[in-house]
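Note on naming: letters A, B, ... go to the chains in the order of the sequence lines (proteins, then strands), and numbering restarts at 1 for each one.
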Amino acid sequence: MKRRPDDPTPVDAAPPLRRLRRAELPVATISLARYLIGKILVREDSSGRASGRIVETEAYPPGDASGHAFRGPTPRLRSLYLERGHAYVYFTYGSSYMCNVTSEAAGVGAGVLLRALEPLEGIPSMIRRRGMSRRLDLARGPGRLAAAMGIDRRCDGVDLCAAGELWLAAAPWPRGAIGRSVRIGITREVDRPLRFYERGNLFVSGPRPLRT
DNA sequence: TATGCGATATTCT
DNA sequence: GAATATCGCATAG
């Protein structure tokens, strides 16, 4: 299957999905953030399957002052310290869940924030969960992504490389060029270019200059 | 299109 | 009591 990054039309037939094995995931946080662009996030629950293509990520590597684990482990951060390929989900701003993919070795608190998806399957259920139907905005931004996929604290700690309610799949078609920028919405280490996205993809969040 | 602001829950100081 | 890896609405241009 071939597809342009700026094509907003729905994909007719769901592409076959192959689950990613942990061994395929880069260990290093920044490598993983780049690697995940173009891969698929799959959600399966009682309402069926929803999936989306990852088009934007941010790396929060070990020692980064804006990373949650910077001040050491706390109970809430437990899953952030899991072996790579697990979900770290937390709630913030009184309104939004954030979904991260853990990175590095077990015992190291680091991860990759999933910031935006290009919706593929289960779009009606995403619309239902989001309470709006503009396809471009369904999963554009980390809080929206979690809402569209029905991700909440119950997903915290889930193994994304195993069959279950939430998992990762290989890219169904070649991705476009990857862009790189500073991260969005942080107050420390603001100059590190640790945000990655598919260039020109209309489902990427952030101001225009950060999408080209 | 761009910017500003309030809402709201949880965690850590 | 402060801060927060945000969102959606309001208002202005």
Side-chain angles (χ1 to χ4, degrees), chain A residues 6 8 28-37 41 52 54-82 84 86-104 108-117 119 126-158 160 166 179-197 200 202-212:
Chain A
D6 59 351
T29 306
I30 297 173
S31 304
L32 179 63
R34 172 183 277 275
Y35 170 87
L36 287 175
I37 300 296
L41 182 66
I54 298 167
V55 295
E56 181 184 358
T57 63
E58 280 178 357
Y60 289 85
D64 186 276
S66 60
H68 285 183
F70 186 61
R71 291 183 182 81
T74 68
R76 173 173 78 139
L77 302 180
R78 192 189 62 82
S79 58
L80 186 56
Y81 286 80
L82 294 172
R84 69 189 189 281
H86 287 76
Y88 164 55
V89 178
Y90 68 95
F91 185 74
T92 192
Y93 289 112
S95 58
S96 304
Y97 288 97
M98 304 281 131
C99 181
N100 299 254
V101 180
T102 62
S103 58
E104 308 293 336
V108 178
V112 174
L113 173 66
L114 303 181
R115 287 195 54 94
L117 295 182
M126 293 190 196
I127 290 173
R128 196 177 331 117
R129 290 194 270 242
R130 287 272 288 116
M132 56 92 84
S133 61
R134 194 156 177 265
R135 199 173 111 89
L136 274 178
D137 291 334
L138 279 178
R140 185 165 174 264
R144 294 165 174 173
L145 180 158
M149 298 291 273
I151 293 172
D152 60 25
R153 69 189 81 242
R154 292 190 305 260
C155 299
D156 187 41
V158 163
L160 299 172
L166 194 64
R180 185 169 185 170
S181 81
V182 295
R183 293 170 291 182
I184 294 175
I186 58 171
T187 57
R188 291 183 290 262
E189 308 244 20
V190 294
D191 294 328
R192 299 186 74 183
L194 297 181
R195 171 177 173 269
F196 299 91
Y197 56 96
L202 296 170
F203 297 90
V204 172
S205 77
R208 198 167 189 77
L210 293 188
R211 288 188 266 147
T212 59

May I ask you to decide if [Y]'s main-chain N or O and [X]'s side chain share a donor-acceptor pair within less than 3.5 Å?
X      : Y      : result
A:R129 : A:A148 : yes
A:E189 : A:S66  : no
A:T29  : A:A59  : no
A:R130 : A:M126 : no
A:E58  : A:I184 : yes

Query - More than 12 heavy atoms from other groups under 6.0 Å of CZ on A:R154 - result: no
Query raised in the report: What is the distance from CZ of A:R211 to C1' of B:dT1, rounded to the nearest Å?
Result: 11 Å
Query raised in the report: Please give, in whole Å, the distance from B:dT10 P to A:Y88 OH?
Result: 14 Å
Requested in this report: State, without any angle test, whether A:R153 and A:Y97 hold a side-chain donor-acceptor pair at a distance under 3.5 Å.
Outcome: yes
Base, sugar-phosphate alone, or nothing: which one does [X] contact when heavy atoms must sit under 4.0 Å apart?
X      : result
A:R195 : nothing
A:R208 : nothing
A:L113 : base
A:R183 : nothing

Below 3.5 Å is the cut-off: list the nitrogen or oxygen pairs between protein and nucleotides 3-9 of chain B, distance only.
| unit_1 | atom_1 | unit_2 | atom_2 | d |
| --- | --- | --- | --- | --- |
| B:dT8 | O2 | A:Y93 | O | 2.3 |

Report task. Grab the stems for DNA chain C, please: at least three consecutive Watson-Crick or wobble pairs, both distances below 3.5 Å, written as range with range. Result -> B:1-7 with C:6-12, B:9-12 with C:1-4
Report summary line: Contact check, residues 62-70 of chain A vs DNA chain C, heavy-atom distance under 4.0 Å, returns A:S66, A:H68
If I take atom [atom1] from residue [X] and atom [atom2] from residue [Y], how far apart are they, to the nearest 0.5 angstrom?
X      : Y      : atom1 : atom2 : answer
A:R180 : A:L210 : CZ    : CG    : 14.0 Å
A:L194 : A:L113 : CG    : CG    : 12.0 Å
A:Y197 : A:R34  : OH    : CZ    : 11.0 Å

Query raised in the report: Quick one: how far along DNA chain C does chain A reach, first to last nucleotide 5' to 3', anything under 4.0 Å to a heavy atom?
Result: C:dT4 to C:dG8
Report task. Mind checking side-chain hydrogen bond (donor to acceptor under 3.5 Å, both in side chains) for A:R195 and listing every partner two or more places apart, or none if nothing turns up? Result -> A:E56, A:S181
Report summary line: Between A:P119 and A:L117, the two heavy atoms sitting closest are CD-O, 3.4 Å
Return a table of donor-acceptor pairs under 3.5 angstrom between the side chains of residues 69-82 of chain A and protein atoms on other chains or two or more places apart.
| unit_1 | atom_1 | unit_2 | atom_2 | d |
| --- | --- | --- | --- | --- |
| A:S79 | OG | A:D156 | OD1 | 2.6 |
| A:S79 | OG | A:D156 | OD2 | 3.4 |

